[in-house]
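This report concerns only the one structure given below.
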Amino acid sequence: MNAEIKTIPLVVVTGAIAVVLLYCLVFASTAPPQAGSVLPDTNLPVPGRTGERNYLGLEGGAYFKIPEIKAQVVIIEIFSMYCPYCQREAPEINRLYSIIDKSLDLKGKIKLVGIGAGNSPFEVQVFKEKYTVPFPLFSDEDFTLHKCFGEVRTPYFIGVKINDDGSHRIFYSKLGEFKGAEPFLGLMLQLSGLQ
Amino acid sequence: MKKDGKLIATAAIVLVLLWSTTVFAISDAFRQNIYNPGLLKPTDSVLKVTVGEYAPDFSLPAVSGEKISLSQYRGKKNVVLSFVPAAWTPVCSDQWPGYNIVKDIFDRHDAVLLGITVDNIPTLFAWTNQMGALWFPVLSDFWPHGAVAGRYGVLRSDGTSERALFVIDKKGIIRYILVNDINKRPRLEKLVKELTGLQK
């Protein structure tokens with residue numbers, strides 16, 4: 001009986017770990033999330049900075065899921081501070097943020113987040129400071145999220161439409177060079193149905 | 001019940017091992033041109049230098065065409081040697097581009113960075129061009145093959161070098177050595193911490 005009491009938590013814990021890892025391994029072994037599908041069930045830490053929490057519309061707690069962001073559209077950039085294209089495109093993505101921020105029609109409706117694949121919090125902070133990135137960036141130090149997102153090359157962009165009922169749908173999922181703030185924003189508006 | 005627990009624990013360990021096999025995110029800057037050697041033995045050499053001793057001098061050709069000697073920095077600059085195993089491989093292609101955006105950190109610590117591989121100059125030329133303009137010299141330890149890597153004790157049995165960092169102060173003394181798991185990129189903060197330590 002005592003052995004069983006000691007064993008049950010081990011079973012539960014290891015079983016839970018195995019299920020989570022298997023879930024993401026399935027994702028990693030297949031393609032990245034496709035347009036028309038939903039995001040992998042992943043958690044991000046709630047930012048410590050008040051400004052970033054307010055931007056995302058998060059009230060508290062330790063972790064959140066991307067569809068909980070208060071927005072109609074969320075654009076996720078999977079980047080790395082070690083990626084030359086991510087470095088080169090950072091100013092233009094900042095400009096995308098700025099265009100949205102200055103638009104009375106779009107501010108609050110479209111939000112950006114970045115996930116630093118394999119980047120430690122220090123490395124993410126280096127990238128943030130180097131390019132003065134105004135939107136929240138998250139560290140994915142051990143590639144956990146990167147694996148869940150199909151081990152994509154960087155930079156990789158995912159557009160997510162968040163519905164009023166809390167459900168969501170990916171409408172854009174693509175690797176590659178960012179062709180400029182205006183054309184990208186136009187594409188996001190068109191594909192998301194926001195305009 | 002105990003048997004079931006062992007089975008599940010074993011399954012979880014297997015999954016964790018599978019989980020840890022891939023530890024890089026290739027930049028699209030390299031398109032489909034990266035050769036993936038798979039998971040390698042983490043280290044495969046024996047160091048021949050230690051912290052506190054003088055760094056062996058060397059003179060190697062740089063991609064830029066000049067010849068660079070370690071001794072030219074003696075009394076002038078701290079030096080970081082960054083050995084990476086091979087051009088056109090995943091983690092290596094994902095290391096120096098990061099150093100390329102932190103020149104200010106090296107400047108702040110009065111340090112220069114020397115990138116070294118055992119590849120030849122034409123290969124290094126093509127590879128580093130894909131990274132954009134690097135601010136630091138990239139040196140070829142191709143011939144005699146891996147002589148400098150061998151002198152420092154970071155030449156692997158397959159002729160590539162380890163993924164290693166050496167921090168050498170202005171007196172030419174080795175202050176820090178990191179022979180990293182070849183499959184993983186060393187954390188930038190480790191290097192920054194050591195550079196900060198040089199000032200003390």
Side-chain angles (χ1 to χ4, degrees), chain A residues 1 3-22 24-25 28-29 78-90 115-123 125-127 129-131 140-144 146-147 149 151-156 175-177, chain B residues 1-34 36 90-105 127-134 183-193:
Chain A
M1 185 64 185
E4 280 189 1
I5 289 169
K6 284 177 186 171
T7 306
I8 289 168
L10 176 69
V11 170
V12 171
V13 171
T14 53
I17 290 169
V19 166
V20 170
L21 292 181
L22 185 60
C24 288
L25 277 170
S29 63
I78 299 174
F79 76 100
S80 167
M81 76 153 272
Y82 293 89
C83 155
Y85 279 0
C86 306
Q87 298 165 0
R88 198 175 69 196
E89 291 169 2
I115 295 173
N119 291 182
S120 66
F122 179 88
E123 290 164 334
Q125 189 58 26
V126 165
F127 189 85
E129 287 176 12
K130 177 77 183 179
Y131 298 104
D140 180 27
E141 189 164 12
D142 55 4
F143 293 94
T144 304
H146 184 245
K147 286 178 190 296
F149 282 104
E151 297 186 306
V152 293
R153 299 209 301 276
T154 55
Y156 196 95
L175 164 76
E177 292 182 64
Chain B
M1 191 64 183
K2 205 171 176 180
K3 194 179 171 185
D4 288 347
K6 279 182 181 173
L7 277 172
I8 292 170
T10 306
I13 288 166
V14 169
L15 284 167
V16 168
L17 288 174
L18 280 170
W19 180 261
S20 63
T21 55
T22 311
V23 283
F24 51 83
I26 299 170
S27 166
D28 195 40
F30 300 98
R31 306 287 180 184
Q32 303 285 352
N33 296 318
I34 297 297
N36 185 355
V91 185
C92 302
S93 302
D94 206 23
Q95 185 172 339
W96 288 350
Y99 297 160
N100 207 30
I101 64 167
V102 293
K103 181 175 185 295
D104 57 324
I105 293 178
W127 182 50
T128 54
N129 269 353
Q130 289 300 108
M131 298 178 190
L134 298 180
N183 304 291
K184 296 177 182 175
R185 190 179 53 228
R187 289 284 171 233
L188 181 62
E189 49 266 47
K190 276 188 182 178
L191 179 57
V192 173
K193 186 183 165 198

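Residue numbering restarts at 1 for every chain, and letters A, B, ... go by the order of the sequence lines.
- Judged by the 6.0 Å distance and 45° axis criteria, Arg185(B) is positioned over the aromatic ring of Tyr82(A).
- Remark: Lys130(A) NZ is packed, more than 12 non-hydrogen atoms of other residues, nucleotides or ligands lying under 6.0 Å away.
- For Tyr156(A), no part sits under 4.5 Å from any heavy atom of chain B, backbone or side chain.
- Shown here for Asp94(B) and Cys83(A), the closest heavy-atom pair between the two residues is OD1-N, 4.5 Å.
- Considering every non-hydrogen atom in both Arg187(B) and Glu141(A), the closest pair reads NH2-O, 2.9 Å.
- Scanning both residues, Met81(A) and Val102(B), for their nearest heavy atoms gives CE-CG1, 4.4 Å.
- Separation of atoms CD (Gln87(A)) and CD1 (Ile101(B)) is listed at 4.5 Å; rounding is to 0.5 Å.
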